[in-house]
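Below, each value reflects all heavy atoms present in this structure, side chains not excepted, and no hydrogens, waters or symmetry copies. Letters A, B, ... are given to chains in the order of the sequence lines, protein chains preceding strands, and every chain is numbered from 1.
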Amino acid sequence: MGEVRVRFAPSPTGYLHIGGVRTALFNWLFARHEGGKFILRIEDTDRDRSTDEAIDMIVKGLRWTGIDWDEGPFRQTDRLELYRQKARELMDRGQAYWCICTPEELEARRKEAQAQGGAVKYDGRCRERSITSPTQPAALRFKSPQEGETVIDDLIKGPIRFDNSVLDDLIILRSNGYPTYNFSVVIDDALMGITHVIRGDDHVNNTPRQVPMFEALGYDVPRFAHLPMILGADKARLSKRHGATSVLAYQEMGYLPEGLVNYLVRLGWSYGDQEIFSISELVEKFTFDHVQKSAALFDPEKLLWMNAEYMKHTDPKRVAELLMPFLEKQGYDPTGPVHPNGGVEALIPPLRERARTLVEMVDWALPYVTDSVSMDEAAAKKFLTPEIAPSLQKFADRVKGVEPFSQETLELVFHAVLEEDGLKMGKLAQPLRVALTGRTASPGIYDVMELLGKVRTLQRIDRALKRIGSAPTNS
RNA sequence: GGUCCCAUCGUCUAGUCUGGCCUAGGACGGCACCCUCUCAAGGUGCAGACACGGGUUCAAAUCCCGUUGGGAUCACCA
């Protein structure tokens, strides 16, 4: 076999689904692993449901995940003449025929057959009519073999046998002249030299209908690999009910593309006990031997954990870049006067221990990127008390003279105050934390001060002391 | 209903092809403890699965058959 050529062929009828991304990923990984080509093809032959916006979202989604393609995107609607030509060829060879049954008639017969519990399949009544030039709306049907069996040797599931008698004569050209899916895939896969068709499990039943078409046209039949589906927590097909299913939504929710990719690949594929894989490792290690045969449930909790891992181990600089748009959305002005000491990048190490997504991280970052810090009233009431004010004041006075303003020196000063005032660490740290951040939870108190810088640290302690002073005294 | 696929902890999975090393391993989540200035992170430990029934075999999570359960699909959608 020559070069490996695979494709991802979504239909642009909505946003790019997480399941679609996984299919694309397995294709891409296989292509990269084999040193082959990955092709993007848009299956837009359903002109009623296909939109340009959807194509945009597919491209955007793939780009975000880091999946790149070597050829395409091709659009099937640009290739209509090709399908018609091939359909004609089939007709000339007597392997296709015109069908003048109307959709309504077909529907009625289907219902009847279903009611009687029989096989729901085209009855083939136009098969022998040999209509050469229909004068009424007509669709072209493929003459499917009715005898023998079609066996596909699936790369994941192994051999699957189908009795050809269950096959019915599919419409390959609609009466509007557009090809149907089962025909255009075959033509494109053949003409684009696709060697491996890697797609969702939901296509296995299409495969025995497509194989005879390859054969009828004299094309090589590609290898097939049918990926197990991704299900929601209730074991139903993943849908909006289970939360977001659009990739772009995951971007908005603050996931790192690497984290999502890693999670998605591990859903159905494994390499021993390993959980975390870099992209290059994935490319190096991916083969079909370890692809699961059964469906997997999408577990948002594990995704969150995986993403947290990536937040912790990705270069802080990159995390900072990814965080920036989220910060700006929350009011941070990169050109304004308020910045964490050391820049946004300095925020990453202390905050990423506490956040599983960029969105969570932004919330932690708020006290350092803006001066309009909101005060948690309950926290203020509990910790910003007249009793602690003198110690806070003393600490502030000492901090003024601290040079350099670093964690080490701050720690010395802080402990000196504790000792002098006979306080335990937490007694002073919590009020200070609340004064500085407006909340009871934050990174280590020295980290906080360092991030804030001397001026802001003093300002906020001062602000807190004033607040205590003006608060109505009650015992 | 027809056809097809699948079946190890709640979840993702290792082990299955090439039976014995499996008193079934890891990870997420849960619980407990440790660490601790808060929240996390981290560390340690605990609970938790071979769907069921028959075979084959000295030996079965692993092979065979059946049952049950789940899923996919049956369009002039893809």
_Applying salt bridge (Lys or Arg N to Asp or Glu O under 4.0 Å), can you list everything that pairs with A:D234, at least two apart in sequence or on another chain?_
A:R241

*For nucleotides 36-43 of chain B, just jot down a letter per nucleotide in 5' to 3' order: B, S or -, based on protein non-hydrogen atoms under 4.0 Å.*
-BBBBSS-

Every protein N/O within reach of nucleotides 15-25 of chain B N/O, cut-off under 3.5 Å:
from: B:rG25; atom 1: N2; to: A:D273; atom 2: OD1; distance (Å): 2.7

_Taking the six-membered ring of A:Y178 as reference, does the cationic atom of A:R47 (NZ for Lys, CZ for Arg) lie under 6.0 Å from its centre and within 45° of its axis?_
yes

_Under a 3.5 Å cut-off for both contacts, is B:rU73 paired Watson-Crick or G-U wobble with anything, and if yes, with which nucleotide?_
B:rG2

*Do A:S175 and B:rC76 share a donor-acceptor pair, side chain to base, under 3.5 Å?*
yes

_Polar side-chain atom of A:R209 near backbone of A:D168 as donor-acceptor pair, under 3.5 Å_ = no

*Just by distance, do the side chain of A:D169 and the backbone of A:S144 share a donor-acceptor pair under 3.5 Å?*
yes

_Whole-Å P distance, B:rA61 and B:rU23_ = 9 Å

*B:rG26 base to A:Q274 side chain: any donor-acceptor pair below 3.5 Å?*
no

*Between B:rC76 and A:R110, is there an OP1 or OP2 to side-chain N/O distance shorter than 4.0 Å?*
yes

*asked:* Using the side-chain heavy atoms of A:K293, tell me which of these nucleotides is nearest: B:rC28, B:rC6, B:rC12.
replied: B:rC6

*Nearest-Å distance, NZ (A:K302) to P (B:rU11)?*
13 Å

_Contact under 4.0 Å: A:R237 side-chain N or O vs B:rU73 OP1/OP2_ = yes

*Taking the same atom, C1', in B:rA60 and in B:rA24, what whole-Å distance lies between them?*
13 Å

*asked:* Taking donor-acceptor contacts at under 3.5 Å, does the side chain of A:D202 reach the base of B:rA78?
replied: no

_A:D153/A:R161 ion pair, N-O < 4.0 Å_ = no

*Under 4.0 Å between any heavy atoms, over every strand shown, what does A:D289 touch: base, sugar-phosphate, or nothing? Just pick one.*
nothing

*Look at A:T45 and B:rA78 and indicate whether a side-chain polar atom (N or O) is within less than 4.0 Å of OP1 or OP2.*
yes

